[in-house]
J.: 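Here you go, one structure.
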Number of protein chains: 2
Amino acid sequence: MTALDVRSVERQSACSIQATLDIVGDRWTLLILRDLFRGVRRFSAMQHDLGIARNMLADRLSRLTDADVVAKVPYQHRPVRYDYVLTPKGLDLSNSLLALMAWGDRWCHDGDAPTVLVHADCGTPLEIATRCPACDEPVSPTRIRSLAGHSDPPPGGEFAAAGAIQANRQHPTNGGDL
Amino acid sequence: MTALDVRSVERQSACSIQATLDIVGDRWTLLILRDLFRGVRRFSAMQHDLGIARNMLADRLSRLTDADVVAKVPYQHRPVRYDYVLTPKGLDLSNSLLALMAWGDRWCHDGDAPTVLVHADCGTPLEIATRCPACDEPVSPTRIRSLAGHSDPPPGGEFAAAGAIQANRQHPTNGGDL
DNA sequence: GGAGTCAGTTTCGGTTTGCAACTGACTCCT
DNA sequence: AGGAGTCAGTTGCAAACCGAAACTGACTCC
């Protein structure tokens, strides 16, 4: 709690993305969460794995615990030492992390294949997708519309890029129906 | 290109999340992308909608175009003025944005209901989920494993929170099968 | 009882951010 | 055609932020 706690009040989140970013929208925070998801639980382990400055790590962890995304569970007393573990709220971020990771896999191949996530039960590489529970099928970004919520509706008023460059460019591995 | 272009080289992304964050891992960048997805295309419109400083916006947009996530399309000449539109690479970020938004919807309700995304074809609210293409079913975070890729495998070595607090706490609206 | 470890905190200088003002390059209106 | 207005983008500068190293406690181990 050394530095500041301005960030959480600075902008009244009219949008859920903004609200989310108020909590995890930070380079280090997302990386810390990735480590947490991979089972890294100790302060020192994260510090070593990420190469983050200790004050930064301490600050981010305390923000995350304040936000109830992470909880501290003592694993020894006397000098109280904690494991940092994900709460249900934190666990629920897995889709977001996965989506980010999947995008990196598709577009940031620097040559060597990165981490692949597979289904523990069958070993198949996983995919993450937007689905319509009613139609029971994947939904492409152009078929998404947003309803209400924003106090100041922008010209377009809808999610899904009215004028996005659809496919008329030379791009590697375009994701198909996106 | 005023400020710097250090960030892209600073850390050799052993992990796709890191690679992704090198490009979009920034408070403003994600918010800009959200606007782009909603069809906001003009510099001034984004500046007004986000309340971002113009130099910041100019810097972020030029990074995004450098990264080929966004493209500039002139809509007038003489004073050349551009529309900023998503490339296929940028459009492909929709899942990530949606996942982040969905999380905010679930956990950051400050009272008023936020933006709801629906299927344009049938009006049903959408969901975003990790799925196993083989088993053809949703996969919970605890059933995800990662394969290789990281040069320095952490103690746990796997995605999905070995010791996460599973459900033994008082939390609102826990996501069910998570 | 001295050395070592671990989780944090403090200090402090360099970097980044963002407000305000400024620069071009038009377009519009009269 | 000339002044007013608009828009994208720069520059200057103060404030906020970041992070390496050193420091503080509170142990544990030998």
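All chains are named by letter (A, B, ...) in the order of the sequence lines, taking the proteins before the strands, and each is independently numbered beginning at 1. Treat the numbers as computed from the prediction; the structure is a model and nothing was measured.
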J.: Starting the side chain at C-beta, find the nucleotide from C/dG18, C/dG8, D/dG9 nearest to B/N55.
T.: C/dG18
J.: If we ignore angles and hydrogens, is there a donor and acceptor under 3.5 Å between the side chains of B/D68 and B/T87?
T.: no
J.: Do any side-chain atoms of residues 95-102 of chain A form donor-acceptor pairs under 3.5 angstrom with protein atoms, and if so which ones, sequence neighbours left out?
T.:
unit_1 : atom_1 : unit_2 : atom_2 : d
A/N95  : OD1    : B/T130 : OG1    : 2.8
A/N95  : ND2    : B/I128 : O      : 3.1
A/S96  : OG     : B/A99  : O      : 3.3

J.: Can you build the contact string for nucleotides 23-30 of chain C? Use B for base contact, S for sugar-phosphate-only contact, and - for no protein heavy atom under 4.0 Å.
T.: -BSSS---
J.: Going by an N to O cut-off under 4.0 Å, is there a salt bridge joining B/R63 and B/D66?
T.: no
J.: Of the options C/dT10, C/dC22, C/dG8, whose atoms approach the side-chain atoms of A/A58 most closely?
T.: C/dG8
J.: Of the candidate nucleotides D/dA8, C/dG18, C/dG8, which contains the atom at the shortest distance from the side chain of A/K72?
T.: C/dG8
J.: Counting side-chain heavy atoms from CB outward, which of C/dT17, C/dG18, D/dG9 is closest to B/D26?
T.: C/dT17
J.: What stems show up for DNA chain D when you take Watson-Crick pairs (N1-N3 plus N6-O4 or O6-N4) and G-U wobbles (N1-O2, O6-N3), both under 3.5 Å, and require three or more consecutive pairs?
T.: C:1-30 with D:1-30
J.: Please report the distance, rounded to the nearest Å, between NE2 in B/H48 and C1' in D/dT6.
T.: 14 Å
J.: Distance check: side-chain N/O of A/W28 vs OP1/OP2 of D/dG19, anything under 4.0 Å?
T.: yes
J.: What I'd like to find out is whether the side chain of A/V69 reaches to under 4.5 Å of the side chain of A/L33, using heavy atoms alone.
T.: yes
J.: Between B/R42 and B/D83, does any side-chain N to carboxylate O distance fall below 4.0 Å?
T.: yes
J.: Would you say B/R60 places a side-chain N or O within less than 4.0 Å of OP1 or OP2 belonging to C/dT17?
T.: yes
J.: Is any side-chain heavy atom of A/F43 closer than 4.5 Å to one of A/Y84?
T.: yes
J.: Would you say B/S44 reaches D/dC7's phosphate, i.e. side-chain N/O to OP1/OP2 under 4.0 Å?
T.: no
J.: For the pair made of CZ in B/R27 and C1' in D/dC17, what is the distance, rounded to whole Å?
T.: 14 Å
J.: Between A/Y75 and C/dA7, is there a contact of a side-chain N or O with OP1 or OP2 at under 4.0 Å?
T.: yes
